Amino acid sequence: MKRIFIIAAALLALSVAKADEGMWLLSRLKQQNIEKMQQMGFKLTAEDIYDINKPGIKDAIVGLGNEGRPFRHFCSGEIISPNGLLLTNHHCGFGAIQAHSSVEHDYLRDGFWAYKMEDELANPGTTASILERMEDVTDRVNAVLDDKMNETERKAAIERISAEIIKENTKGTKLSGQVQAMFEGNQFFLFLYTIYKDVRLVGAPPQSMGKFGGDTDNWMWPRHTADFSMFRIYTAPDGSPAEYSKDNVPLKPKHFLPVSIKGVKDGDFAMIMGFPGTTDRYCTSFGLENTMDVTNTIRHKVRTDKLAIMREGMEKDQKTRIQYASKYASCANYWKYSNEQNKALRNLNTMGNKQAIEREFTAWVNADPARKAMYGNVLSDIEQAYKGLKEFSVAETYAQEALAGPESHLFAYQAGHGIELLGKAETSDKEKEAIKAQLDEMAKAFYKDFNADVDAKLFAVLFKVYSDNVSEELHPEVITLINKKYKGDYNKYAAELKAKSVFMSEEAFAAFLAKPDMKKLAKDPVYQAGKSFYDVYLKLSAMTKTIREQIKRGNRLFVRGLMAMNPDKAWAPNANSTIRLTYGKVGSYKPRDAVFYDYYTTLAGVLEKEGPAGGEFEVPARLKELYAKKEFGPYGKDVLHVNFITDNDITGGNSGSGVINAEGHLIGTAFDGNSEAMSGDIDFEENLQRCINLDTRYMLWIVDVFAGAKNLINEMTIIK
Ligand code: ARG
């Protein structure tokens, strides 16, 4: 009787145990989180995850980036074999899969599998970072700062000391270092990564499976998507990072994740490690208003037009469909997000929550004269600054979304610098050769995915959108010109630009480069559009510099105050593309009144959702055959689990992150969040926020049974 009572009480405690908000710093797990994680079922130690003296789970966690900005991790991944095999999302590999696709080899449509290592495809420019170690360097940075500095001085001082710290820590090593501000500039951490530069595509299911449900299902649960692709990291023969070379060898990782096919149950412990991009949890009500009324609203509106234009082009022919597939998908992703986030923010009264925090803060400040001196003006300063920002922020968002909607003028502007050098007498012949080679390469990459009709249409529609919505003083020259010389006829402008510019086709550009003419360049309408776009962009950032600094300073003090107000709370910093861990559990949820969502989906649901060929819900014939025969291999008996949800705290950038169980084994790959809680990047909703994951059993079934890539299965450690 008593035992039953205890069990019931424990169950009750379990069911009311709330999700733990926080994207935690690995070096503080021991101090902040491990006890709670172990209470929730985690069987390993903090040192098994991260330790400066020995390898751990963190050595299997990868941040994917691009050369030039390797620390801006666009996605995450995890190593699942002793040969550097990397698992990430299909939507993370999408750009690479698309880049290797053509009408003849359509890997988006058909999928791609390397059955031998020789067949793996190189992706120059893609980087893979693995954390070596991290360190709190707050004291060293703060030692060179004081509260009297203005923001410009402060920024310069931080840059100087960061460079020094990085230099000391990377000298004589092959590591890359980064100092990142945390808690809105109140703390600083050094991250040292090994950054690998030879990352090859190994496998991807057809888009009909990897992106099953398309934009309709994006950001939604219940989900049935095989959102994964596989890559492999290569190194120089001595194991050090190196650019692509045929002599490179597969990475021998310090750790890789065994893959579990034991399955997940409601309430199971789950943790996720990866590289979340941006959250704004300490955002004030004033910042929130800007996000809702300006950023989200404008972005959604402009992208609706942009997507329609791209779609129209893509429906016309197969080539354009492949060319614009990746651009379309990334545009659509945050188009939907912006709208769903605004809905969730309203439904969940996030504004009210923010205002309540601010009232509490104000009361705390007013209770003490020293606090009043320090924080008394913080909120009113932020409020003022946002009032001043509004008009500019509208223009900036329209500039980003509409003026930077077409692409040829951005390419022209980038290429323009090199072209101008070609025209200068001081440039030597040898330099000219090098510049030409570089321009050829840029052009090859740009025109591969360019359609002049689509781009001209984007000019016609989106430039007009800017003109219609932004006050005249903030118009770039090109808009003024169209409104005057073309009497506002944007179609006419676009048609002329398409006919006259040397940037509107690969051939015209090549002919121009063969005989570059500076007068012609200066008069080129696409080049002019690019220049005037950058001019207005620079003008806007100069105009908003002071206001933005005021906001930055206000936010820093606000967060400092909040932390001082609650010194015993375990605080987690906002996401900023650095490696983090979130822990929680597998679990169902109630999205709305009277609706219950189970925590997993199965292959039956894929068939239930099936739609017409070529559409978002197409189901490949082979999948249907295997389903009819229930050929699930060791991955399922009567049912095959497809996706599941956990209450982990993740955001964009975490895509592709491994979901790890209590034993440290991989049970899934995170790929999305649920629309009902899309306010989560600003205010975590503990009962509602869910992380949507691909079940390892569906992933392995596709690799093994569907694609027959036994070579990949054989290199993994599978836990049955
Ligand atoms: N919402 C996902 C993310 O931001 C991307 C999902 C891609 N899938 C899609 N159908 N567009 O990580």
Side-chain angles (χ1 to χ4, degrees), residues 23 63-64 72-78 87-98 108-109 204-229 272 274-279 296 299-300 303-304 306-307 310-311 314 321 324-341 343-344 575 577 580 582 601 606 609 611 614-619 642-643 645-646 648-659 668-681 689-694 698-699:
M23 300 169 179
L64 291 169
R72 281 282 304 271
H73 303 107
F74 64 84
C75 272
S76 308
E78 52 279 357
L87 177 65
T88 184
N89 288 152
H90 186 270
H91 77 263
C92 296
F94 203 86
I97 304 164
Q98 185 269 340
L108 285 174
R109 186 191 57 202
Q207 172 172 302
S208 53
M209 294 160 80
K211 204 183 170 209
F212 182 72
D215 294 319
T216 305
D217 268 11
N218 191 15
W219 302 111
M220 303 287 227
W221 180 259
R223 195 66 159 276
H224 298 84
T225 308
D227 199 340
F228 78 100
S229 60
I272 293 180
F275 291 78
T278 315
T279 52
N296 282 349
R299 189 193 280 152
H300 184 75
R303 289 191 183 194
T304 303
K306 188 174 175 190
L307 288 167
M310 286 198 265
R311 203 161 46 233
M314 290 166 81
R321 188 180 69 71
Y324 282 77
S326 186
K327 299 178 206 181
Y328 186 91
S330 55
C331 182
N333 193 30
Y334 277 78
W335 161 78
K336 185 160 180 183
Y337 174 97
S338 308
N339 198 39
E340 296 294 327
Q341 186 183 54
K343 279 199 244 167
S577 279
R580 303 296 177 86
T582 149
T601 59
V606 174
K609 282 182 177 174
E616 291 180 320
F617 293 93
E618 173 176 359
V619 181
V642 167
N643 293 157
I645 46 178
T646 53
N648 296 101
D649 184 2
I650 71 158
T651 190
N654 262 122
S655 285
S657 298
V659 189
T669 306
F671 70 92
D672 211 352
N674 57 326
S675 64
E676 301 91 357
M678 216 116 87
S679 47
D681 286 347
Q689 187 155 330
R690 289 295 179 273
C691 166
I692 304 176
N693 312 298
L694 167 65
Y698 190 40
M699 182 273 292

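Ligands are counted one by one from 1 in listed order, and the atoms in each one are counted from 1 as well. Since the model is a prediction, treat every value here as computed from it, not as a measurement.
- Looking at S208, its side chain never comes within 3.5 Å of a backbone N or O of V619 through a donor-acceptor pair.
- Distances from ligand 1 to the non-hydrogen atoms of Y337 include no value under 4.0 Å.
- Atom 4 (O) of ligand 1 has as its closest protein heavy atom N333 ND2, 2.8 Å.
- Here the options are S326, S330, S655, the test is side chain to side chain donor-acceptor pair (under 3.5 Å), and the partner is H91; only S655 passes.
- Judged purely by distance below 3.5 Å, without hydrogens or angles, the side chains of N218 and N333 pair a donor atom with an acceptor atom.
- Atom 12 (O) of ligand 1 has as its closest protein heavy atom S655 OG, 2.7 Å.
- Of the heavy atoms in T225, none comes closer than 4.0 Å to ligand 1.
- Proximity to D672 (heavy-atom distance under 4.0 Å) selects the following atoms of ligand 1: 1 (N), 2 (C).
- Considering both main-chain and side-chain atoms, Y334 never comes within under 3.5 Å of ligand 1 through any nitrogen or oxygen pair.
- Screening F617, F228, Y698 against F212 for a ring pair (Phe, Tyr, Trp, His ring centres under 6.0 Å) leaves a single residue, F617.
- Below 30°, between 30° and 60°, or above 60°: for Y334 and Y337 the angle between ring planes is between 30° and 60°, a tilted geometry.
- Side-chain atoms of D227 never come within 3.5 Å of backbone atoms of K211 as a donor-acceptor pair (strictly under, hydrogens ignored).
- Closest protein heavy atom to atom 10 (N) of ligand 1: G214 O, 2.9 Å.
- For ligand 1, the atoms sitting less than 4.0 Å from at least one non-hydrogen atom of D215 are 11 (N), numbered in the order shown with element in parentheses.
- At least one donor-acceptor pair under 3.5 Å links the side chain of R223 to the backbone N or O of M220.
- Counting the atoms of ligand 1 from 1 in the order shown, those under 4.0 Å from a heavy atom of K211 are 9 (C), 10 (N), 11 (N).
- Salt-bridge check for D649 with R580: failed, with every basic side-chain N at 4.0 Å or more from each acidic carboxylate O.
- Taking a 4.0 Å cut-off on heavy atoms, G652 fails to register as neighbouring ligand 1.
- Residue A329 has no N or O atom closer than 3.5 Å to an N or O atom of ligand 1.
- Of all protein heavy atoms, the one closest to atom 11 (N) of ligand 1 is N218 ND2, 3.4 Å.
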